[in-house]
Amino acid sequence: MAAGIGAWLLLLTPDKGKNQPISVGTTDEVTSLDPAGAYDAGSWAVYSNVYQSLLTFGPGSQTPVPDAAEKCGFTGTSLTTYTCTLRDDLRFSNGRPVTARDVEHSFERMLGIASDVGPAALFPKLESVTTRGREVVFKLSAGDATFPLKLATGAGAIVDSASYPKDRLRDAPAVDGSGPFVLAEYQPGVRALLEPNPHYRGAMQRPTTPVEVRYYAEGEQLASAWRSGDVHVTHRQLPPRMVASFDPGKEGVQMTEATSAEIRSIVFNVRKGSPMAERAVRQAVASVVDRARIASGPYHSTVEPLYSIIPRGFVGYSTPFFDRYPEGGDAVERARELLREADVETPVGFTYGHRTGETSAAEAAELRRQLEATGLFRVKVVAADWKEFQKGYASGAYDAYGLGWLPDFPDSDSFAQPLVGRGNALQNGYASEETDRLIAITQRYDDRSRAVLAFKRLQEHTAQDVPLLPLWQKKDYVLSRDVAGSQYLSDGTGVWRLWQLSWL
């Protein structure tokens with residue numbers, strides 16, 4: 001690979017003009033252009049550029065600031081009433097003024113449609129949304145200090161009530177938003193052309209350069225596009241072996257380690273009828289998985305083993321899965337004893353699903369090898385493209401499945417309620433009164449350091465119940481050539497800052 005990297009630098013810089021789009025390549029996929037119908041990184045990356053939320057995150061900040069709103073805040077100390085005043089100078093890309101009623105409509109339809117792969121799971125405490133002139137009032141069933149952070153995500157995207165039906169997702173591949181960009185052209189799975197929105201008003205700087213997002217099915221295709229000069233910026237996901245061998249010191253190419261907390265887990269389907277409904281089976285899997293071999297094998301040491309649902313760098317991080325299921329030694333015998341005590345017949349047969357892709361397939365093969373080598377499991381691996389994979393795990397088609405997760409907002413709660421809370425976004429059927437109680441405790445505190453103990457107890461309970469098994473944590477990488485601002489593209493807040501990009 002070293003020779004190949006050197007060859008990239010021999011490529012001629014394309015003849016750029018002010019209006020030539022900057023091309024950004026990614027393997028993330030857009031599930032839906034309708035914010036009520038998607039809860040994934042690829043879709044939300046687009047949302048942060050073409051839609052507005054009441055709040056957003058400023059560059060490098062973990063505190064939300066007004067965007068479509070003039071001001072927002074809790075009323076009283078119970079953290080159950082949150083009020084925002086909408087700006088009066090906003091327009092959708094179709095020219096229609098943005099009103100408080102549009103905000104109300106956006107939340108009501110998102111919660112009402114409650115798509116299996118939508119973001120409704122992020123707002124279990126939201127009881128009502130009402131308006132008074134330009135004011136929008138959110139009523140919560142219990143205190144939630146993280147509610148403003150959730151408003152600043154793609155789940156809070158404001159849509160035009162005249163264009164987005166109340167009771168169903170919008171079918172047209174179009175966007176009526178008020179964000180920094182306008183969606184000028186869109187070919188699903190191929191490209192999205194974003195042009196600067198001259199009417200944008202809000203917290204972000206107005207973009208000066210159009211951006212073309214190009215979508216690739218696999219990392220190798222993205223790598224090929226980078227080498228050929230078809231893309232000027234790459235972000236998520238280059239092949240691990242390419243990242244591992246890349247020399248960031250090469251002149252003419254910039255490599256930025258973006259702030260991120262991407263994790264990946266094995267998610268267990270705990271619905272009745274699945275072998276994973278038996279906790280002892282999940283605990284036995286947790287006992288024998290060797291994360292270090294996964295990290296050094298399929299991922300070429302570009303990831304680090306993770307023993308916590310809350311990753312390093314976040315409040316409440318601990319290592320309960322290591323403490324309860326230490327790797328090596330007599331791990332297989334411990335797993336065998338767990339199954340014997342639960343009267344589970346071995347080998348336990350189950351299906352493991354994953355998204356198509358070379359790295360995901362290699363990870364699945366390694367997991368299968370490890371599990372079947374114990375003599376305790378028989379694994380059938382099933383691969384599907386992203387949309388079919390989402391439908392599959394939401395419907396219970398897999399007994400276990402590999403799923404990556406990026407925080408929706410910069411707080412540990414983004415790894416709690418959406419992952420293990422009742423009605424969680426992983427669609428695995430898991431619900432626990434103790435889990436919900438501990439999550440509620442963590443959400444009470446404005447001072448997030450006061451939630452540390454509850455987060456640690458939550459993690460210990462999760463390690464005992466094992467609705468999911470954390471595998472690894474990784475950093476994010478952005479490669480660019482001839483483009484300024486790529487270091488600001490991703491900063492761990494869930495916002496994809498395409499407006500920061502410009503030609504050198």
Check ion pair Arg444-Asp144 (N to O, under 4.0 angstrom): no

Around atom NZ of Lys125, are there more than 12 heavy atoms of other residues, nucleotides or ligands at under 6.0 Å? yes

Evaluate side chain to side chain contact (heavy atoms under 4.5 Å, CB included) for Val315 paired with Thr442, printing each intermediate quantity in order. CA-CA 10 Å; Val315 167; Thr442 69; over 6 Å; no

Quick check on Arg168: does its CZ atom have over 12 non-hydrogen neighbours (other residues, nucleotides or ligands) under 6.0 Å away? no

Testing the basics here: between Leu86 and Ala68, what is the closest heavy-atom pair and its distance to 0.1 Å? CD1-O, 3.3 Å

Quick one: pull up SG in Cys72 and CD in Glu135 and give me the separation to the nearest 0.5 Å. 10.0 Å

Taking atom types as modelled, is there a side-chain donor on Trp496 or His235 under 3.5 Å from an acceptor on the other? yes

Can a donor-acceptor pair be found, under 3.5 Å and without considering hydrogens, that links the side chain of Thr26 to the backbone of Arg236? yes

Applying ring-ring contact (aromatic ring centres under 6.0 Å, His included) as the test, list every pair that has at least one member in residues 87-121; sequence neighbours left out. Phe107-Phe123, Phe107-Phe138

Ring centres of Trp499 and Tyr200 under 6.0 Å apart? no

Donor-acceptor pair, distance only, cut-off 3.5 Å: does the side chain of Arg291 make one with the backbone of Leu306? yes

Take Tyr352 and Ile266, measure what side chain to side chain contact (heavy atoms under 4.5 Å, CB included) needs, and give me the verdict at the end. CA-CA 9 Å; Tyr352 177 83; Ile266 300 174; 4.2 Å; yes

Closest approach of Ala425 to Tyr393 (non-hydrogen atoms, all atoms of both residues): O-CE1, 4.4 Å

What's the separation between atom CZ in Phe147 and atom OG1 in Thr81, rounded to the nearest 0.5 Å? 10.5 Å

Taking the ring centre of each residue, are Phe314 and Phe415 less than 6.0 Å apart? yes

Is a side-chain donor-acceptor pair under 3.5 Å present for Lys391 with Ser395? no

Flag, side chain of Tyr47 to backbone of Asp34, donor-acceptor distance under 3.5 Å: yes

About how many Å separate CG of Leu183 and OG of Ser93, when rounded to the nearest 0.5 Å? 8.5 Å

Are Leu471 and Ser265 packed together at the side-chain level, in the sense that at least one heavy-atom pair is separated by less than 4.5 angstrom? no

Are any of the side-chain heavy atoms of Val495 and Thr56 separated by less than 4.5 Å? yes

Is Arg448 paired with Asp411 through a side-chain N to carboxylate O contact shorter than 4.0 Å? yes

Judged by atom type as modelled, is there a donor-acceptor pair below 3.5 Å linking the side chain of Thr153 to the main-chain atoms of Ala155? yes

Donor-acceptor contacts, no H, no angles, side chain residues 172-180, under 3.5 Å, sequence neighbours left out:
from, atom 1, to, atom 2, distance (Å)
Asp176, OD2, Ser163, OG, 3.2
Asp176, OD2, Arg170, NH1, 3.0
Asp176, OD2, Arg170, NH2, 3.1
Ser178, OG, Gln52, OE1, 2.8

Quick check on side-chain contact (heavy atoms from CB on, under 4.5 Å): which of Leu504, Leu489, Val478, Val233 does Val483 satisfy it with? Val233

Distance alone, cut at 3.5 Å: any donor-acceptor contact between the side chains of Thr31 and Asp40? yes

Glu127: partners by salt bridge (charged side-chain N to carboxylate O under 4.0 Å, His left out), with sequence neighbours left out: none

Please check this pair: side chain of Trp405 against backbone of Ser414, looking for a donor-acceptor N/O pair closer than 3.5 Å. yes

Provide the closest heavy-atom pair for Ala454 versus Ile441 in the form atom of the first, atom of the second, distance. CB-CG2, 3.6 Å

Thr27 side chain vs Ala217 backbone, donor-acceptor pair below 3.5 Å: no

When you compare the side chains of Asp413 and Gln443, does any donor N or O come within less than 3.5 Å of an acceptor on the partner? yes

Is the number of heavy atoms from other residues, nucleotides or ligands under 6.0 Å of Tyr186 OH greater than 12? yes

Close side-chain approach of Val182 and Leu194, heavy atoms under 4.5 Å: no

With side chain to side chain contact (heavy atoms under 4.5 Å, CB included) as the criterion, how do Arg422 and Ile439 come out once you've worked through the C-alpha distance, each side chain's angles and the decisive distance to 0.1 Å? CA-CA 10 Å; Arg422 192 175 303 271; Ile439 289 174; over 6 Å; no

Short side-chain donor-acceptor distance under 3.5 Å, Gln237 and Tyr477: no

Taking the side chain from Asp67 and the backbone from Ala203, do they hold a donor-acceptor pair closer than 3.5 Å? yes

At their closest point, which heavy atom of Ala384 faces which heavy atom of Glu388, and how far apart are they? CB-CB, 4.0 Å

Residue pairs passing the salt bridge (Lys or Arg N to Asp or Glu O under 4.0 Å) test where at least one lies in residues 78-97, sequence neighbours excluded: Arg87-Asp89, Arg96-Asp102, Arg96-Asp160

So, Lys475 and Glu304, do they make that salt bridge, N to O below 4.0 Å? no

Looking at Thr80 and Leu140, would you say the former's side chain and the latter's main chain have a donor-acceptor pair under 3.5 Å? no

Check: Tyr401 ring centroid to Phe268 ring centroid under 6.0 Å: no

Residue set satisfying side chain to side chain donor-acceptor pair (under 3.5 Å) with Glu185, at least two apart, ordered chain then number -> Arg191

Look at the side chain of Ser360 and the backbone N and O of Gly357, then say whether any donor-acceptor pair between them is shorter than 3.5 Å. no

How close do Leu426 and Leu419 get, counting heavy atoms only, and between which atoms? CD1-O, 3.4 Å

In residues 460-467, what donor-acceptor pairs under 3.5 Å come from side-chain atoms, sequence neighbours left out?
from, atom 1, to, atom 2, distance (Å)
His461, NE2, Ser432, OG, 3.0
Thr462, OG1, Leu458, O, 2.8
Asp465, OD1, Arg279, NH1, 3.0
Asp465, OD2, Tyr430, OH, 2.7

Quick one: do the Thr493 and Asp491 side chains pair a donor with an acceptor below 3.5 Å? yes

Verify side chain to side chain contact (heavy atoms under 4.5 Å, CB included) between Ser53 and Leu151, making sure each step is shown before the conclusion. CA-CA 7 Å; Ser53 298; Leu151 284 185; 6.0 Å; no

Would you say the rings of Tyr307 and Phe321 are close, in the sense that their centroids are separated by under 6.0 Å? no

Could you grab the distance from atom OG of Ser318 to atom CD of Gln459, nearest 0.5 Å is fine? 4.0 Å

Are the side chains of Tyr215 and Val190 in touch, meaning some heavy atoms are under 4.5 Å apart? no

Within the side chain of Arg134, is there an N or O that forms a donor-acceptor pair under 3.5 Å with the backbone of Ala69? no

Do you know which two heavy atoms are closest between Val420 and Thr435, and how far apart they sit? O-CG2, 3.4 Å

How long is the gap from OG1 on Thr302 to CH2 on Trp472, to the nearest 0.5 Å? 7.5 Å

Kindly compute the distance separating CZ (Arg457) from CG (Leu438), expressed to the nearest 0.5 Å. 8.0 Å

